[in-house]
Amino acid sequence: MFQSDLNVTVPKFDVFPGEEAESWAPYTDSGSIVPHSQPSRTRTVALQISALCDISSDLVKYFYSPVTREKPMSKQTELQRLSDIHTRLENWRRNLPKELEPKEGGLSSVLVMQ
């Protein structure tokens, strides 16, 4: 963990059932597609995107940040960190709530996240 990670003290927000249950339907040039309406899952999606950003942030810090590296990483360290990030991404994907799985007529934010 990088030192800057220790400075983050703001908790992630709560998921409110009422807000999560608000209806969402895709909107096209022809109007709303009611058969595909579903709960919006606004905060659940935001929490999952936040988790994905945490992983992406580590990827950037490990491999692209000149400030965090005092000396070049060994190939073994580089491969280990890359493997760790890959494992975290796989775990993130595997642990997504079922309602966030990509599907026909799915939430647009879910499709972007995938």
Residue pair Gln48 / Leu96: nearest heavy atoms and the distance that separates them:
OE1-CD2, 3.3 Å

Hey, mind stepping through Asp58 and Lys61 against side chain to side chain contact (heavy atoms under 4.5 Å, CB included) and telling me if it holds?
CA-CA 5 Å; Asp58 284 347; Lys61 285 188 278 189; 3.4 Å; yes

Any side-chain heavy-atom pair of Leu89 and His86 under 4.5 Å
no

Please list, chain by chain and in numerical order, all residues satisfying side-chain contact (heavy atoms from CB on, under 4.5 Å) with Thr87, sequence neighbours excluded.
Ser83, Asn91

Out of curiosity, Leu52 CG to Arg93 CZ, how far, rounded to the nearest 0.5 Å?
11.5 Å

Who are the salt bridge (charged side-chain N to carboxylate O under 4.0 Å, His left out) partners of Asp84, not counting sequence neighbours?
none

Does one hydrophobic cluster hold both Leu79 and Val60, with members joined at side-chain heavy-atom distances below 4.5 Å?
no

Which atoms form the tightest heavy-atom contact between Tyr62 and Ile85, and what is the distance?
CD1-CD1, 3.4 Å

Minimum heavy-atom separation for Ile55 and Trp92, please, with both atom names.
CD1-CB, 4.0 Å

If you compare all heavy atoms of Leu82 against all heavy atoms of Phe63, which two are closest, and at what distance to 0.1 Å?
N-CZ, 3.8 Å

Does Glu78 come within less than 4.0 Å of Lys75, counting only side-chain N to carboxylate O?
yes

